[in-house]
Number of protein chains: 4
Amino acid sequence: MSEHVRPRSRIQQKNRQIILDAALREFAARGFAGTTIDQISEAARLSKPNVLYYFASKEAIYSQLLETLLDLWLAPLHIMDPAGEPKEQILAYMHSKLALSRDFPQESRLFANEILQGAPRLEAILGGLRALVEEKAAVIAQWMEEGRIARVDPHHLIISIWALTQHYADFEIQIARFSAPIARLSTKRAPF
Amino acid sequence: MSEHVRPRSRIQQKNRQIILDAALREFAARGFAGTTIDQISEAARLSKPNVLYYFASKEAIYSQLLETLLDLWLAPLHIMDPAGEPKEQILAYMHSKLALSRDFPQESRLFANEILQGAPRLEAILGGLRALVEEKAAVIAQWMEEGRIARVDPHHLIISIWALTQHYADFEIQIARFSAPIARLSTKRAPF
Amino acid sequence: MSEHVRPRSRIQQKNRQIILDAALREFAARGFAGTTIDQISEAARLSKPNVLYYFASKEAIYSQLLETLLDLWLAPLHIMDPAGEPKEQILAYMHSKLALSRDFPQESRLFANEILQGAPRLEAILGGLRALVEEKAAVIAQWMEEGRIARVDPHHLIISIWALTQHYADFEIQIARFSAPIARLSTKRAPF
Amino acid sequence: MSEHVRPRSRIQQKNRQIILDAALREFAARGFAGTTIDQISEAARLSKPNVLYYFASKEAIYSQLLETLLDLWLAPLHIMDPAGEPKEQILAYMHSKLALSRDFPQESRLFANEILQGAPRLEAILGGLRALVEEKAAVIAQWMEEGRIARVDPHHLIISIWALTQHYADFEIQIARFSAPIARLSTKRAPF
DNA sequence: TATGAATGAGTTTTCATTCAT
DNA sequence: GATGAATGAAAACTCATTCAT
């Protein structure tokens with residue numbers, strides 16, 4: 001990832017970050033195609049050419065964002081410990097993922113947007129994602145082998161949790177619209 | 001909105017439908033901003049001015065699509081019968097919603113896209129949605145009052161099911177990418 | 001070349017030609033990079049988007065121009081008849097080429113410009129050129145074999161004539177500048 | 001123009017030369033408009049502002065280049081000696097000019113490029129050129145008067161040689177393309 | 001001297017929409 | 001109804017040049 005990044009000056013670092021922050025807000029709000037460099041540059045309070053001085057193109061900003069975001073987004077999966085108690089571990093993953101979606105709704109939305117478009121710019125990066133998921137699916141499968149949890153498709157389980165948790169952020173507005181009083185996320189137990 | 005629809009000729013009807021079908025494919029694939037009228041007209045095999053003869057603008061096509069789609073999308077909620085067995089009814093809703101997401105992935109994606117952008121064009125329409133959700137939330141709340149199902153936030157429950165089921169279609173690619181062999185959707189029971 | 005060109009309307013044909021004519025003037029005067037679409041559209045008295053309605057890009061206009069021009073530019077070589085008298089044939093080629101450079105100075109300049117830049121967009125097209133040159137070089141070589149003309153490198157001969165004749169057009173200004181009274185092109189005989 | 005050149009430090013001199021060398025390569029390859037300061041500064045391995053520290057503008061670099069180049073380019077004409085044998089003198093000029101075009105192909109191309117564009121920046125400088133040409137044309141005319149060489153337009157003769165020789169460099173690529181095995185330049189004798 | 005940072009003024013291109021037939 | 005032609009407005013860059021240090 002950071003194999004050979006040439007050093008950047010203080011101000012370089014700072015402005016790049018300002019741009020990425022602004023771009024995240026804008027891309028998360030209106031997607032890649034719906035966002036203009038003008039909007040980003042205005043949000044970053046930099047001139048448009050200056051934004052393009054730091055990033056070669058709109059695509060470059062977006063890709064950089066995705067790449068940066070991916071590490072963060074995979075983090076919760078790392079939590080699951082094969083040596084731990086299955087139920088505990090899975091709940092830990094869920095909580096972690098929930099917290100992530102709750103705390104980083106924009107990142108979540110950016111990711112959701114990209115996936116919805118068919119992940120045109122995420123192809124390469126997703127390879128690493130798959131490996132990690134397979135690893136954790138194997139852990140779950142092992143638990144099933146040992147009879148420690150009921151048998152379901154491990155991938156299914158991971159994805160269900162992913163989907164459920166991510167949705168709280170991605171579909172924030174949708175949710176807000178038809179359920180004013182959502183108190184706190186509680187995963188205490190299934191309703192039946 | 002559609003209070004006073006002037007009558008349309010056979011060919012009118014047909015071409016409008018062709019355009020909407022084409023637009024659904026395109027919008028679902030790349031969102032509103034990412035789709036051009038050119039792409040729609042090409043997909044519809046009609047000339048661009050002709051597309052705009054049937055619909056006043058790109059927005060008009062999109063809005064029409066959303067409006068048409070909404071009825072379909074709310075349908076599963078209607079299934080829940082207050083007089084029925086709660087568990088049965090809820091599972092019926094889930095199955096119905098799952099089937100919908102599975103059978104209409106493009107519609108699902110269109111909807112997801114719109115929601116992700118903050119539903120800028122869905123404001124008006126969503127009023128009806130909320131009413132229906134409230135109605136069904138009340139049904140679930142009633143079941144809880146009667147001690148027939150465990151207590152959780154009813155809105156939560158509805159949304160969780162919505163989110164979980166919709167995700168199978170919306171995030172089709174994401175899912176396909178890290179779990180090649182997803183057999184069949186099975187909601188038999190929780191893993192633990 | 002014209003294997004499968006879709007038919008164009010009258011006005012299409014006309015405007016395409018107007019654009020190509022204008023572009024020839026502009027490109028010949030200032031080269032590819034030195035010419036803007038604005039200049040072309042102004043010279044063609046068409047709006048800029050309209051120019052791009054007929055040609056996909058500035059490159060497309062330029063390439064079309066080169067391709068169209070090439071046939072014209074190769075024509076003189078066709079003149080050389082293997083069965084004729086060598087000296088006569090070669091002089092015929094020279095006269096033909098001279099006339100071409102004289103009568104089509106802009107085309108000549110366009111071509112010269114492209115070649116000077118290293119023919120970046122002529123690669124493919126030049127294949128055909130080489131074949132024709134080889135054919136005529138063979139004719140000349142044959143004449144040499146038969147002892148009908150002195151031995152020199154046939155390619156050399158062709159190129160020398162090409163260069164000499166083309167220069168009268170390409171370097172028109174240069175020539176005009178230091179020799180006011182160039183009477184008429186006369187290739188009567190060598191000065192010594 | 002260069003009446004009052006302020007003294008430059010060693011490093012000044014050196015960097016100016018580095019820039020001019022780089023600029024020559026770039027301008028010769030893609031012409032004035034087709035070349036960016038970025039390309040020049042990269043080729044010179046200097047920062048862009050530093051390049052503009054040594055030369056006021058892109059134009060300034062280019063003009064300086066032309067001016068420097070002109071002396072070199074006129075040199076061959078000086079060779080022709082009115083007192084010498086006409087044929088010998090003319091051949092000496094040809095050889096000299098040929099050698100120049102062969103040995104300085106980039107300079108040759110730069111000049112050709114400028115001339116092709118109508119010599120917009122060479123106006124002033126060309127005055128001197130004309131004078132020299134006139135002088136040598138007079139020499140040739142004198143030879144004709146004396147019956148020492150056949151009568152042709154002297155300007156013509158000079159230009160023909162100029163054109164023919166320069167072309168070997170300017171149109172290097174064109175030539176290379178349709179005559180792979182050009183051995184050596186031989187001006188031994190006319191083919192007929 | 002030297003250069004990272006910044007930008008105004010273009011330049012190419014895109015695209016929703018309109019015109020004319 | 002249908003479509004080829006046309007365009008204004010915007011969007012994504014590009015680039016010579018300047019600023020600040």
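In what follows, chains carry the letters A, B, and so on, assigned in the order in which the sequence lines appear, proteins first and then strands, with residues in each chain numbered from 1.
The distance from atom NZ of Lys58(C) to atom P of dT12(E) is 5 Å, rounded to the nearest whole Å. The separation between Lys48(A) atom NZ and dA10(F) atom C1' is 8 Å, rounded to whole Å. For the pair Asp38(B) CG and dT13(E) C1', the computed distance is 13 Å after rounding to whole Å. Between the CG atom of Leu52(B) and the C1' atom of dG1(F) there is a distance of 14 Å, rounded to whole Å. Atom CZ in Phe55(C) sits about 13 Å away from atom P in dA5(F), given to the nearest Å. Rounded to an integer number of Å, the gap from Ile40(B) CD1 to dA16(E) C1' is 11 Å.
Ranked by how close their nearest DNA chain F nucleotide is to the 5' end, Glu59(A) and Leu46(C) are led by Leu46(C). Ranked by how close their nearest DNA chain E nucleotide is to the 5' end, Ala56(C) and Arg45(D) are led by Arg45(D). The nearest heavy atom of DNA chain F to Ser47(B) and to Asn50(C) marks one nucleotide each, and the one closer to the 5' end goes with Ser47(B). The 5' end of DNA chain E is approached more closely, in terms of each residue's nearest nucleotide, by Asn15(D) than by the other of Asn15(D) and Ile37(B).
At least one side-chain nitrogen or oxygen of Gln12(C) sits closer than 4.0 Å to the OP1 or OP2 atom of dA5(F). The phosphate of dA2(E) has OP1 or OP2 within less than 4.0 Å of a side-chain N or O from Tyr54(D). Between Tyr53(C) and dA5(F) there is a side-chain polar atom (N or O) within less than 4.0 angstrom of OP1 or OP2. Within the structure, a side-chain polar atom (N or O) of Ser9(A) is placed less than 4.0 Å from OP1 or OP2 of dA5(E).
Between the side chains of Thr68(D) and Gln64(D), at least one donor N or O lies within less than 3.5 Å of an accepting N or O.
Of all heavy-atom pairs between Arg25(A) and Gln106(A), the closest is CG-NE2, 3.5 Å.
Base-pair partner of dA20(E): dT3(F) (Watson-Crick or G-U wobble, both distances under 3.5 Å). Across every strand in view, dT14(F) sits in a pair with dA9(E) that passes the Watson-Crick or G-U test at under 3.5 angstrom.
Put simply, the side chain of Ser108(D) never gets that close to the backbone of Phe104(D): no donor and acceptor are under 3.5 Å apart. Of the possible donor and acceptor atoms, none in the side chain of Ser41(C) sits under 3.5 Å from a partner among the backbone N and O of Val51(C). Side-chain atoms of Lys58(B) never come within 3.5 Å of backbone atoms of Leu52(B) as a donor-acceptor pair (strictly under, hydrogens ignored).
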